Amino acid sequence: FSSKNSETGPFRLNTMPVHPDRVVVHPTVLLSVVDHFNRMAKVGSQKRVVGILLGSWRRGVLDVSNCFAVPFDEDDKDSSVWFLDHNYLENMYAMFRKVNAREKIVGWYHTGPKLHRNDIEIDTFLRQYAPNSVLIIIDAKPKEVGLPTDAYVVVEEVHDDGSPTTKTFEHVTSEIGAEEAEEVGVEHLLRDIKDMSIGTLSQKIAIQVASLKGLLERLQAIQCYLDRVCKRELPINHQIMYHLQDIFNLLPNVSLEDFARTMSIKTNDQLMIVYLASLVRSVVTLHNLISNKVAYREAETTKDAPPDRKSG
């Protein structure tokens, strides 16, 4: 193993903005990363896999549209010892450029699922191909509800005590986005995964439950962070406190009389719609039942009636 990978490849630095406002990850990237992780899990004992991200910039938004895997290994006991095959990286990138020259190296990914100690060193090495590379951690086996992607950029952290600056990762907003052709392909894949016998209402309720679970996990993470800050296990991050204060300021005041009356009116309106729908459904069902009984009785009467005799 060696963390000192020396030579700079034939592909020089890509010119791009310093930090993206947000990162858009395409479904094809997620599928490629999951396939890479599953293939390596069968042949080796690696806890994570590493690859290169390809994409383009659009007005401060990083659009990650493709990726490819690279040979990577590291020592579990010593995080400073790792190996990344830069010759393979350069050859693969040369072939990808022949297919689509607009896709540049914009960063790298690994399957984490969290940040590792040697991520700063790996990011520093990959900056010879992308000067402001973005790291995206893609959880190939997510256990929590939410997006499986987390994007980070390296920034210089300035200390108040005047000590030398250090490099650290800063979180960047990430989302999943797709073009029309990709959406069609994803829909075809989901048809094989989802149970099509489940109704639309059941799907909406399942989505709402998943969203509430995700919200609960975020609230528990906030509570855990604040508890650790109160116990002086973590330093106070004023930026996080400002965001939390903004969240609390946006919460509605449920104790106001106008708010309670408005919520009561809206709830009553929704329940009225549900009641009318149930009433109409019951009437329609009863009407169909009576119609079936009348039709059955007429059929029995016609069957039991004697046939007409014609005189010759």
Side-chain angles (χ1 to χ4, degrees), residues 1-9 11 13-14 16 18-20 23 25 29-30 32-41 43-55 62 64 67-93 105-144 147-159 163-172 174 233-235 237:
F1 302 99
S2 175
S3 62
K4 299 180 180 179
N5 300 297
S6 56
E7 299 177 1
T8 303
F11 307 108
L13 302 179
N14 298 328
M16 57 183 183
V18 178
H19 292 156
V23 178
V25 183
V29 176
L30 300 179
S32 299
V33 173
V34 172
D35 178 69
H36 180 201
F37 179 81
N38 291 333
R39 285 188 289 105
M40 296 304 298
V43 298
S45 59
Q46 288 182 263
K47 296 182 179 179
R48 64 169 178 166
V49 295
V50 174
I52 301 300
L53 299 173
L54 303 175
L62 177 58
V64 182
C67 67
F68 62 87
V70 293
F72 175 81
D73 205 348
E74 60 185 338
D75 191 351
D76 295 335
K77 298 181 180 179
D78 188 357
S79 60
S80 63
V81 179
W82 53 272
F83 168 78
L84 191 148
D85 193 343
H86 62 90
N87 291 323
Y88 178 88
L89 186 158
E90 294 164 4
N91 294 332
M92 285 293 295
Y93 181 45
I105 296 179
V106 295
W108 62 292
Y109 72 83
H110 70 74
T111 54
K114 301 295 182 182
L115 289 169
H116 289 238
R117 293 183 177 180
N118 54 7
D119 287 346
I120 293 288
E121 298 178 9
I122 300 173
D123 187 87
T124 302
F125 164 71
L126 291 175
R127 284 178 178 271
Q128 60 184 299
Y129 304 101
N132 294 286
S133 65
V134 176
L135 166 62
I136 299 181
I137 299 178
I138 301 176
D139 192 357
K141 292 184 177 180
K143 298 180 180 178
E144 300 179 355
L147 293 179
T149 59
D150 287 308
Y152 299 91
V153 293
V154 175
V155 295
E156 294 284 345
E157 185 177 10
V158 180
H159 302 283
S163 57
T165 60
T166 57
K167 292 183 178 180
T168 185
F169 282 107
E170 184 179 61
H171 188 266
V172 181
S174 62
E233 296 178 0
L234 291 176
N237 190 316

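Being a predicted model, the structure only gives us computed values, none of them experimental.
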request  = May I have the step-by-step check of side chain to side chain contact (heavy atoms under 4.5 Å, CB included) for F72 and F83, ending in yes or no?
outcome  = CA-CA 6 Å; F72 175 81; F83 168 78; over 6 Å; no
message = Is there a side-chain contact between P20 and V153 in this structure, where contact means two heavy atoms from C-beta onward sitting under 4.5 Å apart?
response = yes
query = Would a 4.5 Å heavy-atom cut-off, applied to side chains only, mark Y109 and V29 as touching?
reply = no
ask   = Is the side chain of D119 donor-acceptor paired with the backbone N or O of L115 at a distance under 3.5 Å, no angle test?
value = no
task = Indicate yes or no: at least one non-hydrogen side-chain atom of V70 is less than 4.5 angstrom from one of D85.
result = no
query = Would a 4.5 Å heavy-atom cut-off, applied to side chains only, mark H110 and H116 as touching?
reply = yes
query = OG of S79 to CD1 of I122: how many Å apart, nearest 0.5 Å?
reply = 9.5 Å
ask   = Any ion pair linking E74 and K47 (charged N to carboxylate O, less than 4.0 Å)?
value = no
ask   = For V49, does its backbone N or O pair with a side-chain atom of T111 as donor and acceptor, under 3.5 Å?
value = yes
task = Quick one: do L54 and V106 satisfy side chain to side chain contact (heavy atoms under 4.5 Å, CB included)? Show the steps, please.
result = CA-CA 6 Å; L54 303 175; V106 295; 5.8 Å; no
task = Under the side chain to side chain contact (heavy atoms under 4.5 Å, CB included) rule, what do V134 and V172 come out as? Steps first, then yes or no, please.
result = CA-CA 9 Å; V134 176; V172 181; 5.8 Å; no
Partners meeting side-chain hydrogen bond (donor to acceptor under 3.5 Å, both in side chains) with D139 (sequence neighbours left out) = none
ask   = Just wondering, do H86 and Y129 contact through their side chains at under 4.5 Å, heavy atoms?
value = yes
inquiry  = How long is the straight-line distance from SG of C67 back to CD1 of I136, given to the nearest 0.5 Å?
reply    = 9.5 Å
query = Under 3.5 Å, is there a donor-acceptor pair between the side chain of N118 and the main chain of E121?
reply = no
query = At what distance, to the nearest 0.5 angstrom, does CD1 of I120 lie from CG of L135?
reply = 9.0 Å
message = Just so I know, are the side chains of F125 and L84 near enough to count as touching, which here means a heavy-atom distance under 4.5 Å?
response = yes
ask   = How long is the gap from CE on M92 to CZ on F68, to the nearest 0.5 Å?
value = 6.0 Å
query = With no hydrogens and no angle check, do the side chains of D123 and W108 hold a donor and an acceptor under 3.5 Å apart?
reply = yes
ask   = What heavy-atom pair brings A151 and V23 nearest, and what distance separates the two atoms?
value = CB-CG2, 4.0 Å
Student check: side-chain heavy atoms of V33 and D35 closer than 4.5 Å = no
remark   = dist L126:CG -> I105:CD1 (nearest 0.5 Å) comes out at 8.0 Å
key: Value rounded to 0.5 Å, distance of CD1 in I137 from OG1 in T149   = 10.5 Å
request  = Kindly indicate whether the side chain of E156, heavy atoms from C-beta on, has any atom under 4.5 Å from the side chain of K167.
outcome  = yes
